[in-house]
Amino acid sequence: MLARIVGTGMALPELVVSNDDLAKIMDTSDEWISERTGVRTRHLAVNEGTSSLAIEAAKKALDNAGVDAHELDLIIAATVTPDRLLPFLSGDIQAGLDAMQAAAFDMVVGCSGYLYAISVANAYVQSGMYKTILIVGAETLSRIMNWEDRSSCILFGDGAGATVIKADEVGVIRSVLGTDGKAGPALGCEARPLQNPYVHNEWDYPYVRMAGQEVYKFAVRTVPKCINEVLDAEGISADEIRYYVIHQANLRMIEAIAKRLGQPMDKFPTCIEETGNVSAASIPMVLDKINRTGKLKRGDKLVFAGFGAGLTWGASVLTW
Ligand code: ACO
């Protein structure tokens, strides 16, 4: 049996912040941001948290799937911005859904979180251990952005995307995952430093640091390569793919990836214009957008692919 997606959902904070709004609080412009990134607005959490967004997205995905929370065997939450370190996000989702028989754990793989999670879910389904799995990517990245660094904070937003997976005869066909820890410093955020009776460190609240151009080049080189790797291994041609659901990091990057694959942009659905980059939530959010607008037909072949902190990357080819 394979992991098949049977429902999708998403949730966004109420506050919408446009590029013009940002231009009132930092030295930037709508023109600079939209030309270089494609982002026009992002949602920022004020009254929401990662957990509340995750639970809202999960409820919508369960509803869309027609699956009761009590049927869930496993909940995987992908996030780098949980509300707390302990207890963790997936436990909050479990409690919020009253899915008390489900096992639950978090995955910390940055923007590749959803790609790693679906591959793990597929492995559990293939092994026969679990049949019904909820995956939620949820972030409140605004809490770890340096709002004085205009070259990074303008890219990101907050939100959550969820998918419900069931064991079926068709589903995820093949995945590839990768990590290059040596390239990790290109995109990072420190944790609290060591602090115990034997060591004392002064510390400031840590923020995301990003070598934007380095990450850009890495992504545009790596993502088409791993997509070709999954397709070649299955003898599936790029033309057979109905949609390429790519991590929404920067619209220019998605365009460069499409060009390298020789595929038209209308096969690359996006939400980055309205949401910014929402890390692990971005792939299930785009998927929800095309699912709810009736663009997907059962039997369509899809590719999910992306990259993120680590540096990490991944791609899956699947049957919808
Ligand atoms: N508004 C106006 N000017 C700006 C802004 C801004 N928001 N930010 C930077 N600039 C200026 C800089 O000061 C610089 O000016 P200078 O030439 O006078 O020194 C100029 O614009 C160019 O700055 P760069 O930082 O070199 O801009 P770049 O062309 O690299 O674009 C960007 C920055 C959009 C972030 C790009 O590098 C990028 O998208 N990289 C990929 C980042 C990414 O995808 N990260 C997420 C990946 S993983 C994950 O999703 C967590």
Side-chain angles (χ1 to χ4, degrees), residues 17-42 50 78-81 107-116 137-161 178-181 183-190 206-224 226 245-257 268 270-273 275-286 304-315:
V17 178
S18 69
N19 294 339
D20 285 334
D21 292 330
L22 288 186
K24 289 180 194 144
I25 54 171
M26 65 183 75
D27 183 12
T28 191
S29 65
D30 175 47
E31 193 191 3
W32 194 97
I33 300 172
S34 50
E35 269 180 15
R36 296 205 183 209
T37 71
V39 179
R40 294 190 176 274
T41 60
R42 71 286 294 142
T50 307
T79 189
V80 294
T81 48
M107 293 180 77
V108 185
V109 203
C111 304
S112 303
Y114 183 82
L115 296 162
Y116 272 67
E139 304 285 6
T140 45
L141 292 167
S142 58
R143 71 172 82 214
I144 57 167
M145 285 302 135
N146 179 354
W147 289 95
E148 290 179 3
D149 175 11
R150 63 179 183 167
S151 67
S152 59
C153 69
I154 48 98
L155 267 180
F156 296 91
D158 301 335
T179 301
D180 179 358
L187 179 54
C189 183
E190 297 305 311
Y207 294 111
V208 166
R209 288 171 287 96
M210 181 175 77
Q213 291 186 8
E214 225 175 287
V215 176
Y216 192 105
K217 284 183 210 145
F218 157 80
V220 170
R221 196 176 56 239
T222 310
V223 174
C226 69
V245 183
I246 307 291
H247 168 48
Q248 306 284 295
N250 178 328
L251 187 60
R252 304 296 158 242
M253 265 181 195
I254 298 172
E255 287 166 352
I257 290 165
F268 291 74
T270 60
C271 67
I272 185 165
E273 300 86 342
T275 64
N277 174 348
V278 195
S279 189
S282 82
I283 289 179
M285 280 179 11
V286 181
F304 296 169
F307 64 94
L311 296 176
T312 51
W313 61 92

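Just so you know, residue 1 is the first one in the sequence shown, and it goes up from there. Each ligand, and each atom within it, is numbered from 1 in the order the structure gives. Side-chain atoms are counted along with the backbone in the values below, which use heavy atoms only and exclude waters and symmetry mates. Only a predicted model underlies this, so the values are computations on that prediction, with no experimental measurement involved.
For the pair Asp158 (side chain) and Ser142 (backbone), a donor-acceptor distance under 3.5 Å is present. Formation of a donor-acceptor pair under 3.5 Å by the Gln213 side chain with backbone atoms of Ala211 is not found in this model. At distances below 3.5 Å, at least one donor-acceptor pair connects side-chain atoms of Arg42 with backbone N or O atoms of Val17. Using a distance-only test at 3.5 Å, with no hydrogens or angles considered, no donor-acceptor pair links the side chain of Asn19 to the main chain of Glu31.
Under the 4.5 Å side-chain criterion, counting only non-hydrogen atoms from C-beta, Val80 is in contact with Leu141. Counting heavy atoms from C-beta outward, Met210 and Phe156 have side chains that approach closer than 4.5 Å. Using a 4.5 Å cut-off on side-chain heavy atoms (C-beta onward), Thr28 and Ile33 make contact. Using a 4.5 Å heavy-atom cutoff, the side chains of Gln248 and Thr270 are in contact.
For atom 37 (O) of ligand 1, the closest non-hydrogen atom of the protein is Gly212 C, 3.2 Å. Here the heavy atom of the protein found nearest to atom 2 (C) of ligand 1 is Trp32 CG, 3.4 Å. Regarding atom 47 (C) of ligand 1, its nearest protein heavy-atom neighbour is Phe307 CE1, 3.3 Å. The protein atom (non-hydrogen) at minimum distance from atom 48 (S) of ligand 1 is Leu187 CD2, 3.3 Å. Of the protein's heavy atoms, Asn277 ND2, 3.6 Å lies nearest to atom 46 (C) of ligand 1. Closest to atom 24 (P) of ligand 1, if we only count protein heavy atoms, is Gln213 NE2, 4.1 Å. Atom 34 (C) of ligand 1 has its closest protein heavy atom at Thr37 CG2, 3.6 Å. Protein heavy atom at the shortest distance from atom 49 (C) of ligand 1 is Cys111 SG, 2.5 Å.
For Thr79, the side chain to side chain donor-acceptor pair (under 3.5 Å) partners two or more places apart in sequence, or in a different chain, are Glu139.
In terms of N/O distances under 3.5 Å, ligand 1 is not approached by Ser29. Between Arg150 and ligand 1, at least one N/O pair is under 3.5 Å apart.
There is a protein heavy atom less than 4.0 angstrom from atom 28 (P) of ligand 1. Atom 16 (P) of ligand 1 is not flagged as protein-proximal [any protein heavy atom, distance under 4.0 Å]. The presence of a protein heavy atom under 4.0 Å from atom 21 (O) of ligand 1 is confirmed.
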Glu214 vs Leu187, test: side chain to side chain contact (heavy atoms under 4.5 Å, CB included). Steps then yes/no. CA-CA 9 Å; Glu214 225 175 287; Leu187 179 54; over 6 Å; no
Should Arg209 and Glu190 be marked as a salt bridge (Lys or Arg N to Asp or Glu O under 4.0 Å) after you check the CA-CA gap, both sets of side-chain angles, and the distance that decides it? CA-CA 9 Å; Arg209 288 171 287 96; Glu190 297 305 311; 3.0 Å; yes
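Ligand 1 is approached by Met253 to a heavy-atom distance shorter than 4.0 Å.
The atoms of ligand 1 that sit less than 4.0 Å from any heavy atom of Met210 are 35 (C), 42 (C), 43 (C), 45 (N), 46 (C). Close approach of ligand 1 to His247 is summarised as follows: ligand atoms under 4.0 Å from at least one heavy atom of the residue are 49 (C), 50 (O). Residue-ligand proximity, Ala249 to ligand 1, at heavy-atom distances under 4.0 Å covers atoms 44 (O). Within ligand 1, counting atoms from 1 as listed, the ones closer than 4.0 Å to a heavy atom of Arg36 are 22 (C), 27 (O), 28 (P), 29 (O).
When the heavy-atom distances from atom 35 (C) of ligand 1 to Cys153, Ser279, Gly110, Ser151 are ranked, the shortest goes to Ser151.
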Just distance, no hydrogens or angles: give the donor-acceptor pairs under 3.5 Å from side chains in residues 108-116, sequence neighbours left out.
unit_1 : atom_1 : unit_2 : atom_2 : d
Ser112 : OG     : Gly308 : N      : 3.3
Ser112 : OG     : Thr312 : O      : 3.4
Ser112 : OG     : Thr312 : OG1    : 2.8
Tyr114 : OH     : Thr163 : OG1    : 2.8
Tyr116 : OH     : Gly178 : O      : 2.9
Tyr116 : OH     : Thr179 : OG1    : 2.9

